Amino acid sequence: MRNIIEIKDLCVNYKISSNEKIYALKNINLNIKKGETVAVVGESGCGKSTLAVSMIKLLPENAEIFGSIKIDNEEILDKNNQQLLDIRGKKIGMIFQEPGASLNPVFSIKEQIEETIKIREKISNKDVLKNIGLNLLKEVGIKDEKRVYESYPHQLSGGLQQRVMIAIALSLSPEILVADEPTTSLDVTVQAQIIELLKKLKIKRNLTTILITHDLHLALELCERIVVIYAGEIVEDGFIRSAKDAHHPYTKALFEIIPDIKKKIKKFKVIKGEFPDMKENFKNCSFSGRCEFSKAKCRRYQPEVVRVGKNYVKCFYPLKG
Amino acid sequence: MKKMIWTGLIVLIFFIILAIFAPFISSYDYKTQDISLRLQPPSLKHIFGTDELGRDVFTRMLYGARVSLSVGLLAVIIATFIGVLYGAVSGYLGGVLDNIMMRIVDIILTIPVLFLILMLIVYLGPSIINIIIIIGLTSWTDIARIVRAEVLKIKNSAFIESAKLIGLPKRVIIFKYIILNTLGPILVYIVFGISGAILIESGLSFLGLGVQPPYPSWGNILMSGKDYIHTAWWLILFPGVAIFLTVFSLNLLGEGLRDLFNPKLKKE
Amino acid sequence: MRNYIIKRLLLLVPILFGITLITFSIIHLTPGGFTTVNLQMDIRTSPDSIARLKSLYGLDEPLYIQYLKWLKRFIFFDFGNSFLDGRPVLIKVAERLPATLLLNISALILEFFIGIILGVTSALKRNSFYDKSITVITFMGYSMPSFWLALILMFIFGVKLNLLPISGLKSVNFDFLNTGEKIIDILKHLLLPVFITAFGGLAYISRYVKNSMIETINQQFIKASYAKGMPENIIIYKHALKNSLLPVITLLGLSLPGLIGGSFIFETIFAWPGMGRLAYEAAVNFDYPVIMGVVTMAAFLTLLGNLLADISYALIDPRIRYK
Amino acid sequence: MIKILQVNNLKKYFSIEKIFSEKEKIVKAVDGVSFSIKKGQIAAIVGESGSGKTTLARCIAGIEIPDEGEIFFEGKLLDFSTKEKRRKIQYIFQDTYGSLNPRIKTGDILAEPIRYHFNLSGEKLKEKVKEFLKKVGLNENFIKNYPHELSGGQRQRIVIARALTMEPKLLIADEPVSNLDVSVQAQILQLFLELNLKDKITILIITHDLRIVYNLADYVIVMKDGKIIESGKTDTIFLNPKSDYTKNLLCSIPNSPYKNQK
C-alpha cells in the first residue's frame with residue numbers, strides 16, 4: 001500500500017517570549033499507509049496534539065514549523081490558506097476533545113453541518129442539503145436525527161455532540177480522520193460507544209484513522225499500530241499489543257502505570273520524577289532522567305532510531321521484550 | 001506591563017511633589033490679584049502666564065493640584081470604604097439580603113450619576129468638603145459590585161471550603177483568605193476611581209459647580225479661561241494638559257496593576 | 001422566554017419604586033434641601049408666603065403622605081411645575097427630550113460603530129503597530145477631560161477655521177432653509193458634540209470588543225471550523241463576530257447612564273437645547289421640580305434601554321432562548 | 001473489623017430553579033443510600049457523571065447537609081462541633097489548584113492547620129512541615145513556592161499533605177487523579193496505597209475509572225442516578241458483577257477483558 005501521509009524531520013517550536021521557546025516536536029518521522037489505523041500515545045504536553053494540527057497546518061501564530069509533511073504526495077507546509085482548503089475537511093477530517101467546545105454555541109446543528117457542504121460542495125438546494133445532513137447524522141448512529149438536526153449544541157449530551165462533530169468531520173468525505181482525544185471528557189460507557197462508532201466508520205468508509213490519546217489501553221481498542229511520543233519525540237513506533245511487545249522503557253512503563261484489570265497487583269508502577277521542561281532542547285535522551293535502565297551514555301548523547309523486531313525504537317538499550 | 005506601572009507612578013509622584021511643596025516652588029501667592037498684570041502670556045517671570053485677575057497661573061495650578069488630587073483621593077477613600085463594606089457584607093452573607101442589596105445598587109445605577117451629583121451639589125452647596133462627600137457617596141456602587149463578585153467567587157472557591165474543612169478559625173479565613181485575595185481588585189479600583197473623581201471634579205468646577213473661587217482647581221482655572229479663549233490660550237492649555245496627564249498616568253497605573261493581579265497572565 | 005420577559009417587566013416595578021424613593025429622599029431629607037434653601041432663598045418671601053408655598057407643595061404634611069402624594073402624581077407623569085416659569089415640568093422635559101435623544105443616540109451609534117470596527121481589526125492584527133496605536137489613541141481619549149477637548153475643538157474648527165457651528169442645534173436662519181439644507185445644518189451642529197461624546201467611550205468599547213474577539217478566536221470551535229475546511233473570512237466574519245458581538249448588546253444598555261449623565265456638560269458647552277442643559281439651568285436656578293423631573297426621566301430612559309438590551313440579547317442568544 | 005463509617009438511607013435533593021423555564025426541577029443527587037466502610041479499608045465509590053457520587057462524599061465530609069438519613073462515624077452520629085472532631089475526616093477536592101489559596105506559600109499552607117490544631121510554633125512547627133512534605137515525597141525546598149509555581153502532581157501532593165497534617169482517620173478523595181497525567185497518576189495512587197498501609201488511614205476514593213478501583217480498592221460501591229446499584233468486595237464485584245449496569249461499565253473499560261464474555 002502507498003503512504004498517504006509522509007512526515008519528514010518535522011520540528012515545531014512555540015515562541016513564548018523573545019528568548020524562550022517550547023520545543024513541541026523534534027525531528028518527527030512518520031509514514032502512514034492508506035487505510036491504516038494508528039494511535040499516537042503520550043502524556044499531556046508531549047506534542048501529540050501539535051502533531052495532529054500540523055497535518056492540516058493549523059498552528060497558532062507563535063509557532064515555527066520546519067521539515068516536510070506530505071499528504072498524498074503533496075507538501076502541506078508550502079500551501080497558503082486558500083490551498084489548504086483542499087486538505088482541511090476534504091482530505092483530512094478532524095475531531096477534538098470536548099465536543100461541546102468544538103461546536104459554535106450560537107448556531108444550530110443544521111446550520112453548522114450545512115454551511116460546510118454548501119460552501120465547499122457548492123450545493124444550494126435546501127432539500128438536498130437537509131437530506132445530506134440528516135443522512136450524515138444517521139450514519140454516525142444518531143437515532144432521532146430530526147430533533148438533533150434542529151437543536152443547538154447546548155441542548156445535546158456530550159456523546160451526541162461528539163457524534164455531530166464526527167458527522168461534520170465526515171461531511172466532505174475525507175480519506176483521513178484524525179481524532180484528538182475524542183473521548184477524554186466523556187463517560188466510560190459513552191467512550192466505548194464512540195470508539196465502536198469509529199471502528200464501524202473506519203471499515204465502511206475505508207478511512208485512514210489516527211487516534212491521538214493519552215490512554216494506551218484505549219489506543220489498543222482501535223488501532224494496530226502504536227506511536228509513542230515522549231517530550232516531542234517519537235520514542236517507539238510499531239505493533240504493540242502488550243508490555244511484552246514494548247521495546248522502549250517508557251512504553252513498557254506506560255503499560256504498567258495503570259495496570260489493566262487482567263491481573264490484580266495492588267501496586268502502581270511509578271515513573272519517578274516529573275515530565276521534562278519542554279523549553280529545553282535536549283542533547284541527550286529525553287527520558288534518561290526518569291528511566292530505570294539509563295546509563296551514562298543515555299544522559300550524554302541522543303540515541304538514534306533502531307529497529308527492534310517489528311518496531312522502531314529511539315533508545316541505546318532497547319528492551320528485548 | 002511593568003513599564004505602564006512605572007510611567008504612571010513617576011508622573012504621579014512628580015505631580016504629588018509639586019502639590020506638596022507648592023509654597024517652596026513658587027514665590028507668588030495664588031489669590032493676590034493685580035489687574036495691571038492681567039492676561040500676560042507665558043514669560044520667564046510667569047512661566048504659564050497670568051489670568052484675568054493678574055494671578056500667576058503656574059502658582060494657581062500648583063495649588064490647584066492640591067485641590068484636584070486630594071478631592072480625587074478623599075472621594076475615593078469614602079467610596080472605597082462604603083463600597084468594600086457594602087459589597088463584602090452582600091457577598092459574604094448572600095441569600096435574600098444579598099439580593100435586596102444588589103437590587104438597590106441596580107436602582108442607583110439607573111440614575112445617571114452626574115445628574116445625582118448635580119442635584120446634590122445644588123442642595124448642599126459646592127464647598128470642597130461637600131464635593132468630596134458627594135462624589136464619594138455617589139461612586140461606591142462600582143467597587144461594591146467588584147468586591148461582591150470577588151467575595152462570592154472566593155467564598156465558593158474550593159480553597160475556602162478546604163480551609164473550613166481543616167478547621168481554620170473564621171478570622172484566619174476572613175483575613176488571610178478572603179481579604180488577601182480581594183486586595184488586588186480593590187487597589188485597581190482605587191486607582192481608576194481617583195482618575196474618575198478627578199475628571200468629575202474638574203467637570204463640575206468647569207461648570208462653576210465645583211470648587212469655588214478664590215480656591216484654585218484645574219477645572220475652575222479652565223472655566224475662567226473659557227471666556228478668553230481667543231486671547232489667552234495658556235489659560236486653557238496648561239490646566240487641561242495637567243488634568244489629562246494626571247488622569248492618563250492614573251489610568252496607565254490602573255491598567256498595569258490590573259494585569260499584574262490577573263492570575264491568568266501570571267501563570268504563563 | 002415569555003416568562004423571562006414577564007419577569008423582567010415585573011422587576012421594573014420595584015426598581016421604579018426605588019428610583020422615586022431615592023430622588024424623593026434627596027429632596028426632602030438632605031440638610032439644606034428643598035424645604036429650607038428654596039424657601040429662604042428669596043429674602044422677599046414673607047413668612048406668610050412661605051406657609052402658602054408649603055401648603056401648595058404639601059410640605060406641611062408628614063413625609064410619608066408627601067411621598068405617597070408625590071408618587072401618585074408621578075404615576076400620572078405629573079412632576080409639578082417649574083419654579084422659574086411655572087410651566088409643567090413634563091412639558092419642559094418633553095421639549096428637550098428630542099435634542100438629547102438625537103445627540104445621545106447618534107453618539108451611541110457612532111461610538112459602537114467605530115468601537116466595534118477598531119476592536120475587531122485590532123484583534124485580528126494583535127500586537128501590530130496598528131493595534132498599539134489604536135490602544136494608545138483610544139486610551140488617550142478615555143483619559144482626556146471631554147469638556148477640555150470640546151473647548152479645543154470648538155476653538156480650532158469653530159473659531160480659527162470657522163468650519164463648524166459651535167453652539168445650538170440649528171442656525172439662526174434655519175427656518176428659511178429647504179429640507180436638504182435643514183438636514184445638513186443639523187448634521188453640522190451635531191458633528192462636534194457627537195464626536196466628543198463618542199470619543200471618550202471608544203477606548204472602553206474597542207477594548208471590550210477586542211478582548212471578546214480574541215477570546216472567541218481562541219475558542220476551540222474556531223479551530224474546529226478551520227479544521228472542517230471553512231474559508232477564513234467566513235470563520236472570522238460570521239462565526240467569531242457573532243459570538244463576540246453578542247455580549248456587546250448588554251454593554252449598549254450599560255453605557256446609557258454614563259452618556260445621559262455626561263450630556264449635561266456637553267450640552268452646556270455647546271448650548272445644546274437638551275435635557276442635560278435643562279438640568280444644569282434648573283440647578284443653578286434652584287428649580288427643583290425640573291431637576292427631579294429630569295433625573296427621574298433619565299433614570300426611566302436608562303431602565304428602558306437596559307431592558308431592551310437584555311431582551312434582545314436573550315432573543316439572539318440560543319443558549320438563553322432555548323433553555 | 002470495625003466499621004468506621006456507616007451510612008443509613010441518606011438523601012440529598014437539589015432544586016434547580018430554572019430562570020427561564022416554568023417549573024422548578026428537583027435533582028435527586030443522593031436518593032436513599034446505605035453502606036458501611038470498615039476501618040483500614042480503601043473503599044471506592046464508582047459512577048458516571050451525574051451519579052451522585054461527589055454529593056454523597058460531600059455529605060460525609062460535612063460540606064453538604066443531607067436532607068434525610070444518618071451518618072455514623074466511629075460508631076457515633078457524625079458531628080463536627082469541635083475542632084478535634086472536625087479534623088478526623090478530611091476531604092480532597094477534585095480541583096487541586098482551586099483548593100489552595102493562591103496568595104499563600106506552600107510552607108504556610110501546611111503550617112496553618114498544624115499551628116491551629118496542635119499548638120506548635122517555631123522550630124518544631126518547621127520540622128513538622130518538613131516531615132509532612134517528606135511523607136508525600138516532596139523535598140523541603142517546596143515551602144517557598146506559591147501554588148501556581150507547582151506542577152499538577154506537586155499540587156496534589158501538597159493538598160494531600162495538608163489533609164495529613166490533621167492526622168485524619170478517614171480521608172475522602174474526590175477524583176484525585178483525573179486531571180493528572182498517567183505517569184503522575186500512578187505516583188499519587190501509589191502514595192494513597194502507602195498511606196493506607198503505613199499510616200492505617202481509611203481512604204474513600206471517588207472515581208469514574210474502574211481500572212484504578214480494581215488495583216486500589218478493597219471495597220467498591222457502584223452508583224447510578226443517586227442510588228447504589230451494587231456494592232461489595234472489589235474481587236467479588238469484578239469477578240462476578242451482578243447488575244447489568246456494572247457489567248456494562250466493565251465492558252466499557254478500554255481494552256476490557258469482559259468484552260469477549262459478553
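Per chain, numbering begins at 1; letters A, B, ... match sequence-line order. Only heavy atoms go into these numbers, but all of them, side chains included; no hydrogens, no water, no symmetry mates. If you're wondering where the values come from, they're calculated on a predicted model, not measured in any experiment.
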Under 3.5 Å: donor-acceptor pair, side chain of A:E43, backbone of D:D181: no
For A:I257 and D:A186, work out which heavy atoms get closest and say how close. CG2-CB, 3.4 Å
Euclidean distance, A:F268 CZ relative to D:I212 CD1, rounded to 0.5 Å: 6.5 Å
Would you check if A:F275 and D:V184 make a side-chain contact, meaning some heavy-atom pair closer than 4.5 Å? no
What's the separation between atom OG in D:S183 and atom OH in A:Y230, rounded to the nearest 0.5 Å? 7.0 Å
Examine whether an atom of A:Q191 lies under 4.5 Å from a heavy atom of chain D, and if so say whether it belongs to the side chain, the backbone or both; otherwise answer neither. side chain
Non-hydrogen side-chain atoms of D:Q190 and A:K269 separated by less than 4.5 Å: no
Where does D:S178 contact chain A at under 4.5 Å (heavy atoms): side chain, backbone, both or neither? neither
CG of D:N255 to CG of A:D215: how many Å apart, nearest 0.5 Å? 9.0 Å
Evaluate the criterion side chain to side chain contact (heavy atoms under 4.5 Å, CB included) for residue pair A:L254 and D:V182; output intermediate values, then yes/no. CA-CA 8 Å; A:L254 272 186; D:V182 270; 4.0 Å; yes
Does any heavy atom of chain D fall under 4.5 Å from the side chain of A:K267, the backbone, both, or neither of them? both
Taking atom NZ as the centre, does A:K252 end up with more than 12 heavy-atom neighbours from other residues, nucleotides or ligands that are less than 6.0 angstrom away? no
When you measure from the side chain of D:Q187 to the backbone of A:I271, do you find a donor-acceptor pair of N or O atoms at a distance under 3.5 Å? yes
Under the side chain to side chain contact (heavy atoms under 4.5 Å, CB included) test, which residues partner A:R241, sequence neighbours left out? A:L220, A:D245
Do the side chain of A:D187 and the main chain of D:E48 share a donor and acceptor less than 3.5 angstrom apart? no
D:L210 vs A:V188, side chain to side chain contact (heavy atoms under 4.5 Å, CB included): CA-CA, chis, key distance, verdict: CA-CA 9 Å; D:L210 283 157; A:V188 244; 5.7 Å; no
Let's test your reading of the structure: which of A:E256, A:Q193, A:E274, A:H214 forms the most heavy-atom pairs below 4.5 Å with chain D? A:E274
